[in-house]
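Here's the structure, in structure tokens; my notes come after.
Every value quoted in this text rests on a predicted model; they were computed, and no experiment measured them. Note: hydrogens, waters and symmetry copies are ignored here, and every other heavy atom, side chains too, is used. Counting starts at 1 for both ligands and their atoms, following the listed order.
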Amino acid sequence: MKFFVDTADVEAIRELHDLGMVDGVTTNPSLIRKSGRDIHEVTREICDMVEGPVSAEVVALKAEDMIAEGRKLAEIADNIAVKVPLTWDGLKACKVLSGEGKMVNVTLCFSANQALLAAKAGATFISPFIGRLDDLNIDGLDLIADIREIYDNYGFETQVLAASIRSANHMSECAKIGADVATAPPGVIKAMANHVLTDKGLDAFVADAKAAGIKIV
Ligand code: G3P
């Protein structure tokens, strides 16, 4: 499973990138706002650092305006994936932009039917939102499994990009289901390293090393 980082915080991306943990980046208008930076400037900086796809989201609502914005965003770098919302206009924009050879990430997906439409419209990625479904007491992981099954049934090449990931558990569950990509905030990716038994075991090793006077260098 590929790891995308869901942030526009360049330093946070760099830390994970230096560890080889970053296969791509996803941003959205809320993350750009949080960064406090200009979308073109920060997106270019991320694209210069990361080789894989960097999703940059349109803000228009009408297909023709989304297409114009998508073309502009795609000029930033070759690894831009234009992100469009899963609306009828977004699907039209997806069809046109993917037809031009651009990567398209269709976002705000909350149902298997929406994912089917995105695949038919030529999406490179479909972004089902797990956490926001969980917030409504609907199991978001079930949606990932449904989309995986449907895409496999028909050989759709659209990649399942699990989004709105809120916990380390979501990451391993997505990997078990077979999501192609999971995008998560830096804190969730770092939390994957944590285990209470690791901490407990390390405490014991440190105490014994001290008691035994072990010195290695
Ligand atoms: O990039 C979109 C998605 O990952 C947003 O997550 O936590 O705002 O639901 P969240």
Side-chain angles (χ1 to χ4, degrees), residues 1-10 12-13 16-17 21-37 39 42-43 45-47 49-50 52-61 66 69-70 73-74 76 79-87 90-91 93-94 97 103-112 114-115 118 123-145 147-148 158-175 177 179-192:
M1 185 173 73
K2 285 176 267 188
F3 282 18
F4 287 4
V5 193
D6 199 27
T7 186
D9 179 337
V10 174
I13 297 168
L16 292 166
H17 181 260
M21 301 288 180
V22 179
D23 299 307
V25 172
T26 50
T27 66
N28 61 40
S30 306
L31 295 170
I32 296 291
R33 182 183 181 194
K34 198 171 163 193
S35 78
R37 298 189 55 190
I39 184 171
V42 73
T43 306
E45 205 173 320
I46 296 168
C47 288
M49 181 190 345
V50 175
V54 174
S55 289
E57 188 162 341
V58 301
V59 293
L61 298 178
M66 287 188 209
E69 288 184 354
L73 290 168
I76 294 175
N79 55 337
I80 284 287
V82 178
K83 210 171 176 186
V84 300
L86 212 155
T87 58
L91 292 169
C94 174
L97 292 167
M103 289 188 283
V104 180
N105 177 357
V106 180
T107 189
L108 290 167
C109 170
F110 293 94
S111 76
Q114 289 181 317
T124 316
F125 302 103
I126 182 70
S127 288
F129 277 30
I130 299 175
R132 294 192 195 184
L133 284 169
D134 286 355
D135 290 344
L136 300 177
N137 277 329
I138 299 166
D139 191 341
L141 289 166
D142 285 349
L143 176 58
I144 304 297
I147 298 171
R148 177 74 285 154
T158 300
Q159 295 183 49
V160 180
L161 194 173
S164 186
I165 283 183
R166 304 274 176 78
S167 68
N169 186 53
H170 277 156
M171 293 295 278
S172 47
E173 289 302 317
C174 284
I177 290 165
D180 299 288
V181 189
T183 190
V188 169
I189 294 176
K190 290 172 89 170
M192 292 169 72

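Considering backbone and side-chain N/O atoms, T107 never comes within less than 3.5 Å of an N/O atom of ligand 1. Checked against a 3.5 angstrom limit, the closest N/O atoms of D6 and ligand 1 fall inside it. Of the polar atoms of T26, none of the N or O atoms is found under 3.5 Å from an N or O of ligand 1, judged by distance alone. Close N/O approach between T183 and ligand 1 is not found [any backbone or side-chain N/O within under 3.5 Å].
Annotation: the span from I165 atom CD1 to M171 atom CE amounts to 5.5 Å, rounded to 0.5 Å. Note that CZ of F110 is 6.0 Å distant from CG of L133, once rounded to the nearest 0.5 Å.
Atom 5 (C) of ligand 1 has R132 NH2, 3.7 Å as its closest protein atom, hydrogens excluded (heavy atom only). In this structure, atom 6 (O) of ligand 1 lies nearest to the protein heavy atom S164 CA, 3.3 Å. The shortest contact between atom 7 (O) of ligand 1 and any protein heavy atom is with R166 NE, 3.0 Å.
Heavy atoms of K83 found under 4.0 angstrom from ligand 1 belong exclusively to the side chain.
Between the side chain of K83 and the backbone N or O of T27, at least one donor-acceptor pair lies under 3.5 Å. Remark: the backbone N or O of A123 is paired with a side-chain donor or acceptor of T158 at under 3.5 angstrom. Formation of a donor-acceptor pair under 3.5 Å by the E69 side chain with backbone atoms of V59 is found in this model. Although no hydrogens or angles enter the test, the distance criterion places no donor-acceptor pair under 3.5 Å between the side chain of E173 and the main chain of N169.
The shortest heavy-atom contact between I144 and P128 is CD1-CG, 3.7 Å.
The ligand atoms of ligand 1 that sit less than 4.0 angstrom from a heavy atom of F129 are 2 (C), 3 (C), 5 (C). Ligand-side atoms of ligand 1 in range of N28: 1 (O), 2 (C), range being under 4.0 angstrom from any heavy atom.
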